[in-house]
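Both ligands and their constituent atoms are indexed starting at 1 by order of listing. Just so you know, these numbers use all the heavy atoms, side chains as well, and skip hydrogens, waters and symmetry mates.
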Amino acid sequence: MFLGPPGAGKGTQAVELTRKLGVPQLSTGDLLRAAVAEGSELGRAADGHMRAGRLVPDELVLEILRDRLRRPDAARGYVLDGFPRTLAQAVALDAIARPDVVVFFELDPRELLLRLTGRRICPSCGSIYNVVSNPPRTPEHCDRDGSPLLQRPDDRPEAVEVRLRVYAELTVPLLEHYRSLGLLRTLDASGTPAAVAERLRRLLDEPASGAASPRAAESL
Ligand code: AMP
């Protein structure tokens, strides 16, 4: 599980790690954005919260996550990205399947702001860029498939401010929850995606402490 503030690079690292491990990336943000794009009932209920940078109510997020976990490709494991974000979600997840390892992405708040406002995403393949720190080869176009890149509506400064506040209030308490279970590992999320990926690889290679079993690390 990847835990940390918005803009810390969880999605970027999840894409790389899941390619390496051959397991899916389960991002509740991506699942919710897909529901919004589809115009489903759940998507319509989530849309306003997301645009404003607020959390989507727990019961909707749990519904979308449970559906995703039922798909066969999740049977061998997965990387959770952006879930849980509240203690209620963490408790619900403990009852479904407690994570093997929780990686906390630690980053200076000033760098978070730069990463969020400079972020661009490819609507076709999900690749993530940053106009300053990780630009595509052709400006505003995806390196993988050439699609024009987009800025997420919730990466606008007004929504970013709300998201960072919500993170501090509702998600930070999860660090203590997972620390007390012996599952938490802290990752220095500063620097380039390649540098962070290397630190992540080393972190997952470390033997587990306490009750955690490093299943993800064994298959790297
Ligand atoms: P993300 O792509 O993870 O930054 O998520 C984008 C937005 O989706 C968040 O700002 C929330 O509005 C919503 N969202 C994603 N995951 C969750 C979650 N676990 N709980 C509540 N809302 C979520």
(request) Find out whether P135 and Y129 are in side-chain contact, i.e. whether some heavy atom of one side chain is under 4.5 Å from a heavy atom of the other. (result) no
(request) Enumerate the atoms of ligand 1 whose separation from the nearest heavy atom of R163 is less than 4.0 angstrom. (result) 4 (O), 10 (O)
(request) Could you find the nearest protein heavy atom to atom 16 (N) of ligand 1 and give me its residue, atom name and distance? (result) T28 OG1, 2.8 Å
(message) Is it the case that the side chain of K10 and the backbone of L80 share a donor-acceptor pair, with hydrogens and angles ignored and the cut-off at 3.5 Å?
(response) no
Under 3.5 Å, which donor-acceptor pairs do the side chains of residues 88-96 form with other protein atoms, sequence neighbours left out?
{"from": "Q89", "atom 1": "OE1", "to": "R85", "atom 2": "N", "distance (Å)": "2.8"}
{"from": "Q89", "atom 1": "NE2", "to": "D58", "atom 2": "OD1", "distance (Å)": "2.9"}
{"from": "D94", "atom 1": "OD1", "to": "R98", "atom 2": "NE", "distance (Å)": "3.4"}
{"from": "D94", "atom 1": "OD2", "to": "H177", "atom 2": "NE2", "distance (Å)": "2.9"}

(request) In sequence, state the C-alpha distance, the side-chain angles, and the governing distance for E111 and S190, and then conclude on side-chain contact (heavy atoms from CB on, under 4.5 Å). (result) CA-CA 8 Å; E111 199 171 332; S190 65; 4.2 Å; yes
(message) Once you restrict to heavy atoms under 4.0 Å, what part of V166 touches ligand 1? Side chain, backbone, both or neither.
(response) neither
(message) Any carboxylate oxygen within less than 4.0 angstrom of a Lys/Arg side-chain nitrogen, looking at D155 and R115?
(response) no
(message) Any side-chain to backbone donor/acceptor pair from R163 onto D154? Under 3.5 Å, distance only.
(response) yes
(request) Considering only NZ, NE, NH1 and NH2 on the basic side and carboxylate oxygens on the acidic side, decide whether R202 and E198 come within less than 4.0 Å. (result) yes
(message) Could you tell me, atom by atom, which parts of ligand 1 come under 4.0 Å of a heavy atom of F83?
(response) 19 (N)
(message) Against ligand 1, does R33 come closer than 4.0 Å with any heavy atom?
(response) yes
(message) For atom 4 (O) of ligand 1, what is the closest protein heavy atom, and at what distance to 0.1 Å?
(response) R152 NH2, 3.0 Å
(message) Out of R85, M50, R54, who is nearest to atom 1 (P) of ligand 1 when you count heavy atoms only?
(response) R85
(request) Among all protein heavy atoms, pick the one closest to atom 22 (N) of ligand 1 and tell me residue, atom and distance. (result) V56 N, 3.0 Å
(message) Can you tell whether the side chains of R199 and D188 come within less than 4.0 Å, N to carboxylate O?
(response) yes
(request) Report, in ascending order of atom number, the atoms of ligand 1 lying under 4.0 Å from any heavy atom of G82. (result) 16 (N), 17 (C), 18 (C), 19 (N)
(request) Would you mind checking which non-hydrogen protein atom is closest to atom 23 (C) of ligand 1, with the distance to 0.1 Å? (result) L32 CD1, 3.9 Å
(message) Using a 4.0 Å cut-off to any heavy atom of Q89, which atoms of ligand 1 qualify?
(response) 18 (C), 19 (N), 20 (N), 21 (C)
(request) May I ask you to identify, for L55, whether its side chain, its backbone, both or neither come under 4.0 Å of ligand 1 on a heavy-atom basis? (result) both
(request) Please indicate whether any nitrogen or oxygen in R119 is less than 3.5 Å from any nitrogen or oxygen in ligand 1. (result) no
(message) Closer than 3.5 angstrom, by distance alone: can the side chain of R156 be matched with the main-chain N or O of P153 as a donor-acceptor pair?
(response) yes
